[in-house]
Structures are given as C-alpha cells and as structure tokens.
Number of protein chains: 2
Amino acid sequence: MKSKGHKELPKPTGRPLSFDPHKALDRALDVFWRKGYDGSSLSDLTKAMRINRPSLYATFGDKEKLFRKVLDHYAEGPASHSTAALQEPTSRAVVKRLLHGTADMLTSGGNPRGCLWVQGALACRNSADSVRKELISRRLGGEAALRQRLKRAIVEGDLPPDANPASLARYIAIIIQGMSVQAASGATRSQLRGIIDIALESWPSRRNT
Amino acid sequence: MKSKGHKELPKPTGRPLSFDPHKALDRALDVFWRKGYDGSSLSDLTKAMRINRPSLYATFGDKEKLFRKVLDHYAEGPASHSTAALQEPTSRAVVKRLLHGTADMLTSGGNPRGCLWVQGALACRNSADSVRKELISRRLGGEAALRQRLKRAIVEGDLPPDANPASLARYIAIIIQGMSVQAASGATRSQLRGIIDIALESWPSRRNT
DNA sequence: GTAATTTCTTACCGTGCGGTACAGAATGGC
DNA sequence: GCCATTCTGTACCGCACGGTAAGAAATTAC
C-alpha cells in the first residue's frame, strides 16, 4: 500500500461516473431494509439504484460488500440515535431516548417497517451465513456499548451498586428487538410507546429522572 | 364431502406409503425452524424427510402447504406451552410460565435457536408474502389470546381494574419475540432468565404470586 | 394368475439467481 | 487529432430453485 496523501484527488482520468454513489447507497439501503438480504435480488438493487449491474460491481464489489456498506450507512443515518442516546446524562435518560428513538424510527412513515439489523439477520439461507454473523455481531456490539454506559452509571451513582449492567443491557436489547418484530407486524407508534412506559417501570434509578 | 365414519380405515388399496408422514413432518419442522421458509429448499426438505420430491408433493401439497402443516405441528408440539400457560390460575403465573416456557424452548439443546414464528416471518422475499402474513397473523393470534386472559384476570380481581390488557399483552409479546432474537444471537438460558426477572418486576398484581 | 390402483424413482422443464465478458461511449493527456 | 483510461450497456454463463411428466414397482381385489 502506498502512503496516501491528505485528500489526494488524483486527477481522475477516464470516463466519469454517471451517478452519485452516496445516493445509490441510500436507495440500496431502502431495498435491503424492505426486503432483507436474501430477499433483495441484484435486479431489485440495480433497478432502485438506477445503475447497471457492472457499475454496481465495479463501485461496491459484490452483493455482500454492498450490504456491509449499507449497514454502515444505516448506522450513521437512520440508526444514529442509538449511539447518540448514550450521551444522555443519566442512565434512565439514555434508555428512554434509546427506546423512543427506536420506536420513532420503526414507525416513521418514510422508512420500511422494522429494523435492518433484525430483519436481515433472521431467516437467511446458508449461503448468507457470514451476513447473519455480521448482523449478530453488530447487535451484540450495540448491546455492549449500552452495557459499558450502564457500568459508568453505577460508578456515577446513577444506578444502584447492585444493579446488573449486563442483564439490564440485555433487557433493553430485547425490548428494542421485540419492538422491531412488532413494528413489522403492524404495531403503531403509540402502541410502542405504551410498551415503553411499561418497560421503564421496572428501571432501577436513584433519582426520578 | 361424504360423512366420515368413526375411524374408517377404508381398505387402502394400491402401493402403501413407505414412510411415516408424522415423522416426515417432524423432520420438515426441523429444517424450516433452522433455515426459515425461503432458506429451506425442496432439496433440503426431501433430504431431511427421506422422501422423494413427488412423494412430498402428493402427500403435503406444495411447499407453502407443507409449511402451514409444519406450523400446526409446531403449535401442538414445541410451542404448546404457550397455550397451556393460559390455564394458570393467576395472570402472574400465566406470564411467568409463558416466559419461562419460551426461554426453555428457545435454548433447548435439541431445538434450533429461535422461534419459528419469528424466524420465518422476517426477511422473506416477495413471493412468500402470504407466508409472512400467515406468521404475522399467528403471532397476533397468540397475543390476542393472552389479552383475553388478562381481561379475565381483571374481572377476577387478579389484576388492578385500571390495568391495560392490550398494552400488557403487547409487552409480553415483545419480550417473547425479543428473546427469540437474542436466542438466535446466542443468548443462554440463564441469561434469558435474568431478563425475565427484570421484565416481571414491572408486572402489576394484587397478590405476590 | 391378472387387472386395478397407488406410490416410488428418474429425469426433466422453465425461471430467476449472482456474477461476468466484451464491445462501445465518454473523458483527460499530449 | 489520437491514444490511454475508465465507465456504461447488452447479452450471456452456470447454477439452484420450485414443480412435474412418465413409467417402473408394490400392493389389493377378484
């Protein structure tokens, strides 16, 4: 590998791209989100992205690499609330924002129903096994980040010292993933909010934040 | 349709079946459970069922009809705890048995990880749209049964009169479906039990059952 | 035995899949 | 102009899919 310069735009010779890769990724996200990994065929993708098949291959690699890039795009876009929520001051505020942000995203009119991380992971055929593992690892990663945040909350006195960060984080993860399934079944935003209220009743906290 | 006798075994002429349809259904359940609807090919199925393809077609109809029969088989077998749990005397006992029964099933060594109703419903391609709807309807049916049971609990004074049966049933459904996703991600039985303990802390009840 | 009936075996059909070869079109360098 | 370089469009490849036609094999009825 050569050392790359600061932002070297190395005189792009040759025929220029006729599409915006960022927009194309957006449209690919929409397809994968709606249909899952296996359910999205290359024809679906190229049609939505308004790109020919060899262009897709040249720009993004094969289908699986495109999917991974879409996952990054998803984490930075529609799912960005899940990382942003960790910065709330108290654990209760973190969890509250996490759950409400998820419920809003799951039932936003412009988005497909459900969560890409959950939709894509299940019911994939064997050939997509690495994709399944990737999604599992991303879900576990989010859960681990929350667990770390809850540990900090204990140190800060925000959660009681005998609280179990691992179980609590897993509990929240289950709520999120369950809401995703419910949203795919047609649950409305207010219904999800009703569930969040119940789920938060058992949240341990020293303050009534 | 002619009126059928009590157990008429109407002298089966012709070549007899060389397999047990019940066992074959068992093996088909295993395949669908592990791989989902779309992920299970006819070759996977016939290989596991030890049946030739035309035999499958003659006995069970096409792939979708076989899947529906497998769903019934699943409801009567591995998932039978979910209907049995409704007969517990108190709402708390119902929910407790429901959740623990699910956790046990999800992490039973002999079973595939996860829940057939959840695994199969998501990430299916368009062609299997009717299958997706069938699974959604079965999940909503289970939720409705629990809701009715909780309404009865209010009448019986087992739940406070201001409890919301619809939200509570949905809350439990979310826990179940979330556990299914977690089990597919590798969660262990004791981890799931830890979550159940947290989830039940917010359960309203007049007795400490 | 022979006919009738039902199941089993093999081999195949059309379709859509993910991925690619190849030639033509659009740019920069000179 | 004219080359090198890069992208686009079409048409194709091998493969696995769900589903089926046709005849051989196994049983009962008589």
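Within every chain, numbering begins at 1; the chains are lettered A, B, ... in the order of the sequence lines, protein sequences first and strands thereafter. Computed over heavy atoms, backbone and side chain alike; hydrogens, waters and symmetry mates excluded.
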Taking the minimum atom-to-atom distance to the side chain of [X], which one of [options] wins?
{"X": "B:P54", "options": "C:dT10, C:dG24, C:dT6", "result": "C:dT10"}
{"X": "A:S43", "options": "C:dC17, C:dT9, C:dG24", "result": "C:dC17"}
{"X": "A:D62", "options": "C:dA26, D:dA26, C:dG19", "result": "C:dG19"}
{"X": "B:L17", "options": "D:dT27, C:dT7, D:dG18", "result": "C:dT7"}
{"X": "B:L42", "options": "C:dA26, D:dG18, C:dC8", "result": "D:dG18"}
{"X": "A:Y57", "options": "D:dC17, C:dG19, D:dA26", "result": "C:dG19"}

Rounded to the Å, how far apart are [X] [atom1] and [N] [atom2]?
{"X": "B:N52", "N": "C:dT10", "atom1": "CG", "atom2": "P", "answer": "7 Å"}
{"X": "B:F19", "N": "D:dT27", "atom1": "CZ", "atom2": "P", "answer": "15 Å"}
{"X": "B:Y37", "N": "D:dC17", "atom1": "OH", "atom2": "C1'", "answer": "12 Å"}
{"X": "A:L66", "N": "C:dC17", "atom1": "CG", "atom2": "C1'", "answer": "16 Å"}
{"X": "B:R50", "N": "C:dT7", "atom1": "CZ", "atom2": "C1'", "answer": "19 Å"}
{"X": "A:L56", "N": "C:dC17", "atom1": "CG", "atom2": "C1'", "answer": "15 Å"}
{"X": "B:I51", "N": "C:dT10", "atom1": "CD1", "atom2": "C1'", "answer": "17 Å"}
{"X": "B:R15", "N": "D:dA26", "atom1": "CZ", "atom2": "P", "answer": "6 Å"}

Looking at [N], I'd like to know if its phosphate oxygens (OP1 or OP2) sit under 4.0 Å from a side-chain N or O belonging to [X].
{"X": "A:S18", "N": "D:dC7", "answer": "no"}
{"X": "B:T13", "N": "D:dT27", "answer": "no"}
{"X": "A:S55", "N": "D:dT8", "answer": "yes"}
{"X": "A:S41", "N": "C:dC17", "answer": "yes"}

Salt bridge flag under 4.0 Å for residues [X] and [Y]:
{"X": "B:D129", "Y": "B:R132", "value": "yes"}
{"X": "B:R139", "Y": "B:E143", "value": "no"}
{"X": "B:R34", "Y": "B:D30", "value": "yes"}
{"X": "B:R138", "Y": "B:D72", "value": "yes"}

- Message: Within the 4.5 Å heavy-atom criterion, are B:H81 and B:R97 side-chain neighbours or not?
- Response: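 Not in contact.
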- Item | Base D:dG19 to side chain B:R53, donor-acceptor N/O within 3.5 Å cut-off |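 Checked by distance alone, the answer is yes.
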- Message: On DNA chain D, does the nearest nucleotide to A:P16 precede the nearest nucleotide to B:G14 from the 5' side, or the other way round? Give the residue.
- Response: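 This one resolves to A:P16.
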